[in-house]
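Reminder, nothing fancy here: chain letters follow the sequence lines and each chain counts from 1. For clarity, every value in this text was computed on a predicted model and none was experimentally measured.
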Amino acid sequence: MIAVTFPDGASRQYEPGVSGLDIAKRISPSLAKRTVAMALNGKLTDLSDQIDHDAKIEFVTRDDPRALELIRHDCAHVLAEAVQELFPGAQVTIGPVIENGFYYDFFRPEPFTLEDLPAIEKKMREIIARDAAIAREVWTRDQAKAWFSAKGEVFKGELIDAIPGGEDLKIYRQGQWLDLCRGPHMPSTGRVGGAFKLMKVAGAYWRGDHNNPMLSRIYGTAFAKQEDLDAYLHRLEEAERRDHRRLGREMDLFHFQEEAPGAIFWHQKGWTLFQTLVSYMRRRQQEAGYEEVNTPQVLDRGLWETSGHWETYREHMFLTKTEDERTFALKPMNCPGHVQIFKNGLKSYRDLPAKIAEFGVVHRYEPSGALHGMMRVRAFTQDDAHIFCSEDQIMDEALKINDLILSIYEDFGFGDVLVKLSTRPEKRVGADEAWDKAEAALYKVLDVLKARGQKTAVTPGEGAFYGPKLEYALRDAIGREWQCGTTQVDFNLPGRFGAFYIGPDSEKKTPVMIHRAMFGSLERFTGILIEHFAGHLPLWLSPAQIVVCTITQDADDYAREAVATARQLGLLVEADLRNEKIAYKVREHSLAKVPVLLVVGKKEAAERTVSVRRLGSQAQTSSSLDEALAALAQEATPPDVKG
RNA sequence: GCCGGUUUAGCUCAGCAGGUAGAGCAACUGAUUUGUAAUCAGUAGGUCGCGGGUUCGAAUCCUGCAACCGGCACCA
């Protein structure tokens, strides 16, 4: 007999080979009915699994959070069965669970379109209603190979070949249909339930490699309960309402047009916001000992050959050939320019660390399909800096950067930050010893951060071609992650450009260069802020802080006076003296996301007060003009100036 | 770049089976002087993304290109 221990600590004896389902049934039929899987010694597995040794068991019911993955995974299988029923000849490939749902990739000469989804979804509901048992079988590799190749499933065949030799293969059968799968699965298709929806179709490369054929991917999502699905769909709508492209138009911040794909036309208000960010960053950097510079937009091709960018990124550079047949590139990065500044004039070890910063406008010819509003553009501004230092200063400098970045994010309300260490990629320059040193320094930084309780991660092979990096990903108001800041240790470029400093021993030494950005792309960061705040920017960031709205003409003079006073306090304020009803004005400015409306009528003019209405609230408070403006001026002071 | 979709007035969208375009909001002009998310009336506004083709006739059908949207790949 074997001893099976339950979550409450109780233990019972069973004959070896008893299945999870048997145990559940013996406890109570209703438990068996509700249970979709079990956690055996903490590992999620099929309910039909036999238990041969003493074990801890926990039944996972359908409403258990752990069941969600199974529901989605089974739903993906149901999708595949439905597709193969409706579209004979469509080949199955893989269908994993992803964040917020699942997908399944099919191979088919004609890709699926949105119009195919309702029929597929209908068929899926049929399959779920059939409630066929999902049974696991173990096949030999040859058996599986033969079965799938007989069906013309060449992609499954490839998958089978990729599974390490000797291993038996798991096959899950549901009704007439079966699939090669790692599992686990629920006992029957009916357990998927009705709270699912096919979301979209997309092309995707087989095995994620663009040299491979393109598959037709169907995305779906599934939840345990309909209300969870509804809530998810509602969240998607919410994200759409926050879309910076939509808000950018509604708030009159910027626009795009065909003639400049991937480049922003900044309107007055958007540019004001942009400049607010620049001013903020400039103050923070100056305080941190950076020296701001500016380097040329257009630089000779030779410079990019020296840096190595030509070799790796030529096809992503904007090139220009002049009449004298000289090839220049619009700078895609600022580093070569900053190295030139470092090289200009003899540097001593006493000059280190030299921190050269620039709000550098860079151009990159991004693939057309990569463009996305302000989040991915072809011309953008980096809050870029390069720190030239000695090897033993790396860790200290990286930590200083870290602290500055986290403090800056905090000022914008981003408290949840993940620090990732990305190590050497396959395609890289420089000796492995240099990489060893650079990575070692960053690992040490990561250790310090971990000790402080900072969230960290390591992503192997994701470093830049010239060095490993720390990347800073912040989480926004609706839980999305945005990678913004970066710290990259570079043992290569300074040497390639022949940069050096004179050490204490009077010998020439090659400095290490740390590339670093905090917002990353100012354009992208602006977009993130818009979405994070859903357009409701804090007063200090708002490019149109106040509108003084009159109720009748009687208050015009008073409104003008209020505007003048507010401007003296540095506030961004306009008057709305139009002959419109106050409700009309309130609506219009609220839609334009103006944070503060000061409403003035006869009464306010006589009493020298204002009625204050804040964006997002119906409440009105009355206070004296001077007090209201003083409070607003205080609120509109940037956090770093407030101290 | 690859797959799919979209492109009609400043914005949101009709215009489904080819017979030279409509609505609401915005704009403009009047009237209205108004108390916290749309006052009323009138007027004007479109090479239907761009090019080529089919047709007596194309916003509508075919085709090339571009931009955008959703993914994939890419992201120094």
Looking at B:C75, B:G35, B:A73, which one has an atom nearest to any side-chain atom of A:Arg376? B:C75

Between B:C3, B:A73, B:G4, which nucleotide has the shortest distance from any of its atoms to the side chain of A:Thr113? B:G4

Which value, in whole Å, describes the distance between the C1' atoms of nucleotides B:G42 and B:U60? 33 Å

For a quick check, tell me whether the side chain of A:Arg207 and the base of B:A73 share a donor-acceptor pair closer than 3.5 Å. no

Under 6.0 Å between the ring centres of A:Phe223 and A:Tyr232? yes

Nearest to the side chain of A:Ala583, heavy atoms from C-beta on, is which of B:A76, B:C68, B:A38? B:A38

For B:C72, which nucleotide is its Watson-Crick or G-U wobble mate, given both distances must be under 3.5 Å? B:G1

Per A:Pro367 side chain, nearest of listed nucleotides B:G1, B:A38, B:A76: B:G1

P atoms of B:A73 and B:C16, separation to the nearest Å: 39 Å

Quick check on contacts: within residues 234-249 of chain A, what sits under 4.0 Å from RNA chain B by heavy-atom distance? A:Arg245, A:Arg249

Can A:Asn402 and A:Tyr472 be counted as having a side-chain donor-acceptor contact under 3.5 angstrom? yes

Side-chain donor-acceptor pair present, A:His316, A:Glu366, cut-off under 3.5 Å: no

Output the rounded distance in Å from CD1 (A:Ile98) to C1' (B:G70). 13 Å

Aromatic A:Phe465 / basic A:Lys427 pairing, under 6.0 angstrom, 45° off normal: no

Base, sugar-phosphate, or nothing: which does A:Tyr219 touch, judged by heavy atoms less than 4.0 Å apart? sugar-phosphate

Could you check whether A:Phe106 and A:Tyr104 have their ring centres less than 6.0 Å apart? yes

From C-beta outward on A:Val586, which listed nucleotide comes closest to its side chain: B:U36, B:A76, B:C74? B:U36

Using the P atom as the point on both nucleotides, what is the distance between B:U7 and B:U12, in whole Å? 12 Å

Winner on side-chain proximity to A:Tyr205, out of B:A73, B:G35, B:A67, is B:A73

Look at all strands and tell whether A:His372 reaches a base, only sugar-phosphate, or nothing, counting heavy atoms closer than 4.0 Å. sugar-phosphate

Measure NE2/A:His589 against P/B:A26 and give the value in whole Å, please. 14 Å

Using the P atom as the reference point in each nucleotide, state the distance between B:C28 and B:A66 in Å, no decimals. 38 Å

Please confirm whether any donor atom in the side chain of A:Arg524 sits under 3.5 Å from an acceptor in the base of B:C75, or the reverse. no

Give the nucleotide from the list B:G70, B:U36, B:A27 with an atom nearest to the side chain of A:Arg578. B:A27

Can you identify which nucleotide, out of B:A76, B:U33, B:U36, has its nearest atom closest to the A:Gln553 side chain? B:U33

For atom P, what is the distance between B:C56 and B:A23, given to the nearest Å? 33 Å

Would A:Tyr584 count as stacked on B:A38 if the rule is ring centres under 5.5 Å and plane angle under 30°? no

With rounding to whole Å, what would you report as the distance between B:C40 and B:G35 at their P atoms? 15 Å

Applying the salt bridge (Lys or Arg N to Asp or Glu O under 4.0 Å) test to A:Glu531, which of A:Arg245, A:Arg480, A:Arg241 qualifies? A:Arg480

Could you check whether atom NZ of A:Lys343 has more than 12 heavy atoms from other residues, nucleotides or ligands sitting under 6.0 Å from it? yes

Could you please name the option among B:C72, B:C75, B:A76 that lies closest to any side-chain atom of A:Ala204? B:C72

Sort out the partner of B:U6 for me: Watson-Crick or G-U wobble, both distances under 3.5 Å, none otherwise. B:A67

Mind checking the P distance from B:G46 to B:A21? Whole angstroms is fine. 13 Å

Once you apply a heavy-atom cut-off of 4.0 Å, does A:Lys602 come out as touching a base, just sugar-phosphate, or nothing? base

Categorize A:Glu580 for me: base, sugar-phosphate, or nothing, with a 4.0 angstrom heavy-atom threshold over every strand shown. base

For the side chain of A:Val599, counting heavy atoms from C-beta on, which of B:U36, B:A76, B:C72 is nearest? B:U36

Side chains of A:Asp576 and A:His589: donor-acceptor distance under 3.5 Å anywhere? yes

Hey, does the side-chain of A:Glu604 have a donor or acceptor N/O within less than 3.5 Å of a partner on the base of B:G35? yes

Strictly under 6.0 Å, is that where the ring centroids of A:Phe265 and A:His255 end up? yes

